[in-house]
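Presented below is the structure to which this report refers.
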Number of protein chains: 2
Amino acid sequence: MPVTIKDVARVAGVSPSTVSRALTTPALVQAETRARVERAAAELGYQPNRAARGLITGRTGNIGLIVPDLTNPFFPGVVKGVQSRARESDFSVFLADTDEDPTAEAGLVRALSKQVDGIVLCSPRMTEEDLRSVIGETPVVMLNRRVGQIPAITIDNVDGIRQAVAHLAALGHRRIAYVAGPRLSWSNKERARALRTTTNAAGIDLIEIGNFAPQFAGGVAAADLVLAAGVTAVIAYNDLVALGLLNWFATRGVKVPEAISVMGFDDIVLSQMVSPSLTTVAQPQEQIGRAGVDMLLQLLEDPDRAAAARRELPSQLMVRHSTGRAPSN
Amino acid sequence: MPVTIKDVARVAGVSPSTVSRALTTPALVQAETRARVERAAAELGYQPNRAARGLITGRTGNIGLIVPDLTNPFFPGVVKGVQSRARESDFSVFLADTDEDPTAEAGLVRALSKQVDGIVLCSPRMTEEDLRSVIGETPVVMLNRRVGQIPAITIDNVDGIRQAVAHLAALGHRRIAYVAGPRLSWSNKERARALRTTTNAAGIDLIEIGNFAPQFAGGVAAADLVLAAGVTAVIAYNDLVALGLLNWFATRGVKVPEAISVMGFDDIVLSQMVSPSLTTVAQPQEQIGRAGVDMLLQLLEDPDRAAAARRELPSQLMVRHSTGRAPSN
DNA sequence: GGCAAGCATGAAATCGTTTGTAGGTCGATG
DNA sequence: CATCGACCTACAAACGATTTCATGCTTGCC
């Protein structure tokens, strides 16, 4: 027996339509009537039934959020950002986790699309083809990937890499390795490309190793290859991989940063929790989420003007204890 | 122009009501008609409008999930469990993060309650009073807390502590410390209580330290107190705190496990990523989430019979490298 | 003072589905 | 051959809101 608009109407002594107007289009109703309606609504604790409203307006007040794997510590920060920004605009968030299955993504988008006004697609792994077909059906904003004119939030990988290389160069490193992430990952391609041009310009030798899974185990798997490459520093695709390297170096007895410097990417919370703490390029995770929702809401307001929007957020070098002067062998 | 039940009806040559029955109550319609309807629905790609259905049935097909802080690595596992179990039963999940604000919890529950059939409340920090008022309005299942007859999933803290103490006792430890978590936390109270009785029975001295925030920083803050207590082993409220201890011990040059053994609670993924890797009592995070949804769905089916349900899941000692024989000083 | 214009309000249609009820067909039975 | 039941199916009402349209009233202007 929830309280409906009719109950409010009866108490306020007006018709249901007036109640609706008073609450959604206040300008259309006389101040005194509006006050009576508001008082009645407050008194009864009225809350509009979203399903009923959605039925006629075609809007749900929900947005969908799809992430590859919540247990990857990069994503929870993004989710929090999405969450809090959405709540500010009275939107609720449907969360779905694809378990790193690229083929499940498109299906999930389609399933969700009926229940939401738009979708935030975080680090999508699906093919461009799937992507294009999916965005034809629902408003979508991508995070951490850029494909054609699709609305997207990315971070400035090029500048992040520039900061990282400058840091290592200043410490005297002349030969560094890159442990590559997933071959299909847009971020990985960006970072690898930026590394090539930057190291080239700085006269630094770059050894590319990989591809490896963007996880702790990937770093462990790559560690011995890194050692064999005879470098004085290594940049990993992301922090998890870097942590895997650190861990394996520790068991091998390789001193970090004395024997080799290690850098990551992302700045997940863990990177401060290990010793030595990890030097890394921070991505503003929460801000990425917030920006994604911002853009999505604009897109819903005005599909034409905002459709081509793309935004790039800055990344920021965090110097900690896993990097140091190059050994002078 | 989404395809509605009417379109299906037209194509199948029957009335809308028959389509509805054919899809939701197949027993009520002739096999041949049903087949025609199903064919038409498949052909048009019909998907029922959940808002419209919810309007009349009063059910939304959604459940709400409220967690204190997604960036605490314990929770994402639970969220994944909730997620996947919900999807199996065609439920969608609304996620909300309270940012560790106990006063925000009740409000969030109330806000969500209009849009969901029930709510999974993960590790709620709110007062018992708020809790009782809230569960009067919506079906709720709690995780990691037990209050009266409220449906809840918990893990067997007592047995977990028993395993931990037995492990340390077998390694020769006779004086151990407990770094306590939040004073208001139900889990913390459970663990502290179990520790007292277990150590007492085993003739082990227990030094309680704290309370501390259940985070990395909490462990860092507690580390020197632990050293001053003159113990050979320490059990932390959870893994994050244990990682803080490990980190501070490392910078202090205190060898783990040679000088002191460290144990955690939870088995978050990070605990395998540090060196030494962390001995801990594992909680089946995903399973907790799944069990919570299981119980919630039962509750929705049959409020009376399931109302008093409570379930306790086993915990499991994971021995790694942060514990070893007590120093023989 | 009369008429047009404008504004606030109410009545009713609508969104897409489910569901109670009535009607219609068919077979079997008396 | 008529009647009764069983079984399907169609019709229509309902869910709770928004929104179009119509109406009555006030107001302003000539």
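Just so it is clear: chains get the letters A, B, ... in the order the sequence lines come, proteins before strands, and each one is counted from 1. Small disclaimer: the values here were computed from a predicted structure and weren't measured.
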Does the distance from a Lys or Arg side-chain N to an Asp or Glu carboxylate O, for B:Arg34 and B:Glu38, drop under 4.0 Å?
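A salt bridge is absent here (no side-chain N lies under 4.0 Å from a carboxylate O).
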Answer yes when A:Arg39 and A:Glu43 have at least one side-chain N-carboxylate O distance shorter than 4.0 Å, and no when they do not.
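Salt bridge: no.
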Would you kindly give the [atom1]-to-[atom2] distance between [X] and [N], to the nearest whole Å?
{"X": "A:Arg53", "N": "D:dT18", "atom1": "CZ", "atom2": "C1'", "answer": "9 Å"}
{"X": "A:Ile56", "N": "D:dT20", "atom1": "CD1", "atom2": "P", "answer": "9 Å"}
{"X": "B:Leu55", "N": "C:dT14", "atom1": "CG", "atom2": "P", "answer": "17 Å"}
{"X": "A:Arg36", "N": "C:dG10", "atom1": "CZ", "atom2": "C1'", "answer": "14 Å"}
{"X": "B:Asn49", "N": "C:dT14", "atom1": "CG", "atom2": "P", "answer": "18 Å"}
{"X": "A:Leu44", "N": "D:dG16", "atom1": "CG", "atom2": "C1'", "answer": "15 Å"}
{"X": "B:Ile5", "N": "D:dC11", "atom1": "CD1", "atom2": "C1'", "answer": "14 Å"}
{"X": "B:Arg10", "N": "C:dT17", "atom1": "CZ", "atom2": "P", "answer": "13 Å"}

With the criterion being N/O to N/O and under 3.5 Å, what pairs connect the protein with nucleotides 4-8 of chain D, and how long is each?
{"residue": "D:dC8", "atom": "O3'", "partner": "B:Gln30", "partner atom": "OE1", "Å": "3.4"}

Side-chain donor-acceptor contact under 3.5 Å, A:Asp117 with A:Thr60
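On atom types as modelled, these side chains qualify, holding a pair under 3.5 Å.
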Donor on one side chain, acceptor on other, B:Gln47 and A:Arg110, under 3.5 Å:
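The answer is no; no qualifying pair exists.
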What heavy-atom pair brings B:Ala22 and B:Val37 nearest, and what distance separates the two atoms?
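Taking every non-hydrogen atom into account, CB-CG1, 3.8 Å.
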If every non-hydrogen atom of B:Pro16 is compared with every non-hydrogen atom of B:Lys6, which pair is closest and at what distance?
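That closest heavy-atom pairing would be CG-CG, 4.3 Å.
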Of A:Lys6 and B:Arg34, whose nearest nucleotide on DNA chain D comes first from the 5' end?
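Comparing both residues, the 5'-ward one is B:Arg34.
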For B:Tyr46 and C:dG16, is the shortest distance between a side-chain N/O and OP1 or OP2 below 4.0 Å?
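No, B:Tyr46 has no side-chain N/O under 4.0 Å of OP1/OP2 on C:dG16.
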Name all residues meeting the salt bridge (charged side-chain N to carboxylate O under 4.0 Å, His left out) criterion together with B:Arg132; count only those two or more places apart in sequence or in a different chain, and write none if there are none.
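For B:Arg132 the salt bridge (charged side-chain N to carboxylate O under 4.0 Å, His left out) partners, ignoring immediate neighbours, are B:Glu128.
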Keeping to residues at least two apart or across chains, list the side chain to side chain donor-acceptor pair (under 3.5 Å) pairs with something in residues 285-299 of chain A.
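Non-adjacent pairs meeting side chain to side chain donor-acceptor pair (under 3.5 Å): A:Ser84-A:Arg290, A:Arg85-A:Asp294, A:Glu88-A:Arg290.
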Ignoring hydrogens and angles, tell me if any N or O in the side chain of A:Thr127 forms a donor-acceptor pair with the backbone of A:Asp130 under 3.5 Å.
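Such a contact is found between A:Thr127 side chain and A:Asp130 backbone.
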With distance as the sole test, does B:Asp99 use its side chain to make a donor-acceptor pair with the main-chain N or O of B:Asp101 at under 3.5 Å?
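Such a contact is absent between B:Asp99 side chain and B:Asp101 backbone.
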Do any of residues 13-25 of chain A sit with a heavy atom less than 4.0 Å from DNA chain D, and if so which?
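Under 4.0 Å from DNA chain D: A:Ser17, A:Ser20, A:Arg21, A:Thr24.
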For the helix from C:dG1-D:dC30 to C:dG30-D:dC1, what angle lies between the axis at the first five pairs and the axis at the last five pairs, to 10 degrees?
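Here the local axes at opposite ends form an angle of 60°.
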Identify, with sequence neighbours excluded, every residue that meets ring pair (Phe, Tyr, Trp, His ring centres under 6.0 Å) alongside B:Tyr46.
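Partners of B:Tyr46 under the ring pair (Phe, Tyr, Trp, His ring centres under 6.0 Å) test: none.
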